[in-house]
Amino acid sequence: MSRDHVQSAERSARAAEAAAGDASGPAPAGAEAPFLELLARGASADAYEQPVLLARAEGGPAERIAALERAKLLALRVRSELEGRRRREAELSALFETAHDLAGLRDLDAVLRAIVQRARSLLGTDVAYLSLNDPDRGDTYMRVTEGSVAARFQQLRLGMGEGLGGLVAQTARPYVTDDYFKDARFQHTRTIDAGVRDEGLVAILGVPLMLGHHVIGVLFAADRRARVFEREQIALLGSFAALAAAAIDTANLLAETRSALAGLERANEIIRDRSGVIERASDVHDRLAELVLRGGGVHDVAAAVSQVLDGTVEFAEAAAAPAGALEASRAEGHAVRHQDDWIAAVAAGGELLGALVLRGHPGLDPVDQRTLERAAMVTSLLLLARRSAAEAEQRVRGELLDDLLDARDRDPRLLRERAARLHADLDATHVVLAARLDAPAADADHEADARRRLWAAASHLAATRHGLAAARDGGTVLLLPLGTRDGAADLARRTARQLGTAVHEAVTVGASAPVEELATRPDTVAAAYTEARRCLDALRVLGRSGDGAAAEDFGFLGLLLAGDRDIEGFVDRTIGQVVAYDERRGTELVRTLDAYFACGMSPARTKEELHVHVNTVAQRLERVGRLLGEDWQSPARVLEIQLALRLHRLSAPAQH
C-alpha cells in the first residue's frame with residue numbers, strides 16, 4: 001500500500017471517527033491506531049477483529065470496546081473503498097497496458113498471454129483461457145491457458161458448435177454458466193466434459209473474439225466453485241476479447257505484409273509505398289499509446305489521426321453520426337464508407353458510444369482504414385476511463401450530500417474542504433430538491449434501470465451546477481446553489497424539465513425554501529429535504545406529475561408543507577400589496593377587507609360597519625381588485641385572503 005493510500009485511509013478514518021463521535025460520544029484516545037496500522041500493511045478483513053477480541057480478553061472497559069468496534073467498522077469501510085479504487089485503477093491500467101502492447105505488437109503469443117493473465121487477475125478467477133478456430137481442420141483449439149493444472153484440458157480440441165464455447169461462437173454473444181455440468185443450454189460431449197472435470201471447473205464465462213461479424217475464437221474466465229459473474233466483469237472480459245481479436249488481426253496484417261514483401265521482390269516501388277503505410281500505422285499506434293498514457297482526450301486522438309491520415313477526423317456522438325453507416329461499422333467491426341466520408345464505430349461491450357468520422361477522403365488504403373479502426377478502439381477506452389472517473393466523482397458528491405442529510409460530519413472546516421474539492425460552495429444559498437419518476441415501471445428491473453438513469457442525470461446536472469446529488473428514498477435528492485435571479489419554485493420547475501428531457505420520462509420535483517450556512521448547520525439540509533419531499537408528495541396528490549414546485553406555490557397549503565412555517569412570507573405574498581398601499585397612502589383597505597368579509601361580502605352591510613358611504617366601499621374594493629387581481633373574490637382566493645388577514649391581525653401587536 002502506498003503512502004498516499006495510507007494517508008487517505010487515515011483521513012477517512014479520522015473523518016469517520018469524528019462522525020461516530022458525534023453520534024455516540026467521544027472515543028478513547030488511540031482506538032483507531034491498531035486499525036490504521038492494519039490499513040497501512042494491507043491486512044485481511046479477518047485481522048480487523050483482533051484488536052476488539054484482544055480488548056475483550058483483557059477485560060477492557062465497555063467504552064473502550066465500543067470505541068474499538070466503531071473504529072473497526074469505519075476502518076473496514078475505508079479498506080473496502082481503497083480496494084474498490086485499486087481495482088478500478090488496475091482494470092484501467094491493464095486495458096491501457098494491453099492497448100500499448102497492441103500498439104507495439106511484435107510477438108502475438110506474448111500479447112495473448114498478457115491478455116489472458118490480466119483477465120484472470122482482474123476477474124479473480126481460478127483459470128482463464130483463450131481458444132481459436134482452426135478453419136483447416138474445422139474445429140477449435142486451446143491457444144493460451146492461465147491457471148490450468150490438467151494436461152488434457154490444455155490440449156483440448158473441440159468440434160465446432162460443441163460446449164459453452166460452441167454456444168458463444170454460434171450466437172456471437174457472451175454466455176455464462178453458474179454450474180457447467182447442470183447447464184443444458186449447450187451441447188455436452190464426453191471429451192469436453194472430461195477435460196472440464198479434470199480441471200475441476202464449475203462456473204464459466206465465455207465472450208466471443210470477433211473480426212467483423214465472424215467469430216474467430218472465445219475468451220474464457222472460469223472458477224472451480226459456483227459463482228455469479230457481474231455485468232461489469234462480463235463487459236471487462238469483452239474489452240479484453242476485443243483487444244485479443246485486434247492483436248490477432250494486427251498480427252495477421254503484419255504476416256500478410258511480410259508475405260507480400262517477400263513475394264514482390266521485383267516491385268520495389270510498391271514495397272516502399274507499403275512500408276511507408278505500415279510505418280505510418282506504427283507511428284499512429286505509438287502516438288495513440290502515448291496519448292492514452294498521458295491522459296489525452298478523444299479530441300486529441302482525432303487530431304493525431306488527422307495528421308497521420310492527412311485528413312480531417314472528428315469524434316461524433318452516436319445520434320449525430322449517419323445511422324446506417326454507424327450500425328454497419330459496429331456490426332462488421334470495420335470502418336465503412338459513407339459517401340465521401342469514412343465511419344468507424346466507437347463501441348465497448350456492445351454499447352455504442354459514438355463514431356470517428358474521416359471527412360472528404362473517399363479513397364483509403366486498407367492499412368489507413370485499420371488505423372482509423374484502431375483509433376476508434378482507443379477512443380472507446382478513453383471514453384470508458386472518463387466514464388469511470390465521472391462515476392467516481394458522482395459517488396463522492398453523493399457521499400458528501402448523504403453526510404449533510406444524515407448530519408454525521410459537523411466539522412465545518414472538513415465539510416468546506418470536501419465541497420471545495422468538488423467545486424461546491426457550502427457558504428452560498430442553496431435549495432434542496434427531491435426528484436422522482438412517476439411513470440409506472442413494467443417490472444423491478446425496469447424500475448431499477450429508470451432510477452439509475454435518473455440518478456445519473458441528476459449527478460450530471462449537479463456537477464455542471466456546482467451542486468451535489470444522491471440517490472435516496474426511491475428517488476434522487478439534489479442540493480443546488482440558488483442564483484440571484486432565481487426562486488426556489490423556478491429552480492424546481494427548471495430542474496423537472498431538464499431531468500425529464502435527460503431520462504425521456506416525466507420527473508416530478510419538490511423544492512425546499514432557500515437554506516444557508518450548510519457547513520455550520522448541516523441539520524438544516526435534512527429539514528429542507530423533508531420540506532422538499534412534502535412538496536413532491538403534494539404535487540403527486542394534486543395530479544401535477546412531471547412538474548416542479550416549492551411551498552410558496554401552494555398558497556396557504558404551503559404553510560403546512562414548509563418546514564419553517566413562513567407565515568410572514570405567506571401574508572406578504574397574499575395581501576402584501578394591500579398592506580403596503582395602506583402604509584404609503586394612509587388608506588384603510590385592510591380594514592375595509594376585514595369588514596367586507598365579516599359582513600358576508602355585502603357592500604351595504606360593510607358601509608354600515610365602517611360608517612361610510614356605499615360608494616366609498618365600492619371604490620376601496622375596486623382598488624383592492626387592482627392590487628390583488630380580478631380573481632381575488634374567487635372561492636380559493638377568498639379563503640387565502642381571509643387567512644392572511646387573520647394572520648396579519650394576529651401579528652400586528654408584535655410589530656408595534
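None of these values were measured; they are calculated from a predicted model. Positions are given from 1, in the same order as the sequence printed here.
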Could you tell me which non-hydrogen atom of Ala435 sits nearest to which non-hydrogen atom of Leu499, and how far apart they are? CB-CD1, 3.9 Å

Does the side chain of Tyr180 come under 3.5 Å of the side chain of Asp193 through a donor N or O and an acceptor N or O? yes

Tell me whether Glu49 is salt-bridged to Arg56, with the criterion being a basic N under 4.0 Å from an acidic carboxylate O. no

Approximate separation, where rounding is to 0.5 Å, of Lys182 NZ and Asp179 CG: 5.0 Å

Hey, could you give me the CZ/CZ distance between Arg190 and Arg197, rounded to the nearest 0.5 Å? 10.5 Å

Can you confirm whether Arg185 is buried at CZ, in the sense that more than 12 heavy atoms of other residues, nucleotides or ligands lie under 6.0 Å from that atom? yes

Would you call Leu132 and Met142 a side-chain contact if the rule is heavy atoms closer than 4.5 Å? no

To the nearest 0.5 Å, atom CG of Asp223 lies from atom CG of Asp178 at 11.0 Å

Gap separating the CG atom of Leu237 from the CZ atom of Phe229, nearest 0.5 angstrom: 8.5 Å

Do Leu236 and Leu123 have side chains that get closer than 4.5 Å, going by heavy atoms? yes

Test Leu158 against every option in Thr189, Asn133, Thr140 by the side chain to side chain contact (heavy atoms under 4.5 Å, CB included) rule and name the one that passes. Thr140

Would you check, one step at a time, whether the test side-chain contact (heavy atoms from CB on, under 4.5 Å) holds for Val149 with Arg224? CA-CA 12 Å; Val149 295; Arg224 296 187 177 95; 3.8 Å; yes

Please report the shortest heavy-atom distance between Pro208 and Ala241, naming the atom on each side. O-CB, 3.6 Å

Between Gln154 and Ser148, do the side chains contain a donor N or O and an acceptor N or O under 3.5 Å apart? yes

Candidates Leu130, Asp249, Val215, Leu243 - the one meeting side chain to side chain contact (heavy atoms under 4.5 Å, CB included) with Leu209: Leu130

Ignoring hydrogens and angles, tell me if any N or O in the side chain of Asp134 forms a donor-acceptor pair with the backbone of Asp136 under 3.5 Å. yes

Walk me through whether Tyr48 and Leu73 qualify under side-chain contact (heavy atoms from CB on, under 4.5 Å). CA-CA 9 Å; Tyr48 287 74; Leu73 294 176; over 6 Å; no

Can you tell which of Arg225, Arg227, Arg120, Glu146 makes a side chain to side chain contact (heavy atoms under 4.5 Å, CB included) with Asp126? Arg225

Between Ser329 (side chain only) and Ala325 (backbone N and O only), is there a donor and an acceptor less than 3.5 Å apart? no

Taking CZ in Arg173 as the centre, count heavy atoms belonging to other residues, nucleotides or ligands within less than 6.0 Å. Is the count above 12? no

Any heavy-atom pair between the side chains of Val168 and Pro174 that's under 4.5 Å? no

So which heavy atom on Gly163 is nearest to which on Phe186, and how close? O-CB, 3.5 Å

Any side-chain donor near an acceptor of the partner, Arg152 and Thr191, under 3.5 Å: no

Could you tell me whether the side chain of Arg374 reaches within less than 4.5 Å of the side chain of Thr250, counting heavy atoms only? yes

4.5 Å side-chain heavy-atom contact, Val116 and Leu219: yes

Just by distance, do the side chain of Ser121 and the backbone of Gln117 share a donor-acceptor pair under 3.5 Å? no

So, do Leu478 and Leu461 sit near enough that their side-chain heavy atoms are less than 4.5 Å apart? yes

OG/Ser131 to OH/Tyr141 distance, rounded to the nearest 0.5 angstrom? 9.0 Å

What's the shortest heavy-atom distance between Leu211 and Ala245, and which atoms? CD2-O, 3.7 Å

Could you check Leu112 against Arg143 for side-chain contact (heavy atoms from CB on, under 4.5 Å), going step by step and ending with a plain yes or no? CA-CA 9 Å; Leu112 294 181; Arg143 176 65 180 266; 4.1 Å; yes

Close side-chain approach of Leu454 and Val507, heavy atoms under 4.5 Å: yes

Hey, mind stepping through Thr476 and Arg472 against side-chain contact (heavy atoms from CB on, under 4.5 Å) and telling me if it holds? CA-CA 5 Å; Thr476 300; Arg472 205 172 185 90; over 6 Å; no

Here the pair of heavy atoms bringing Arg453 nearest to Val503 is NH1-O, 2.9 Å

Donor-acceptor contact present, side-chain Gln233 to main-chain Glu230, <3.5 Å: yes

So which heavy atom on Leu156 is nearest to which on Gly195, and how close? CD1-CA, 4.3 Å

Taking C-beta and beyond as the side chain, do Val207 and Val218 meet within less than 4.5 Å on heavy atoms? no

When the ring centroid of Phe153 is compared with that of Tyr129, is the distance short of 6.0 Å? yes

Between CD on residue Glu162 and CD on residue Gln170, distance to nearest 0.5 Å: 10.5 Å

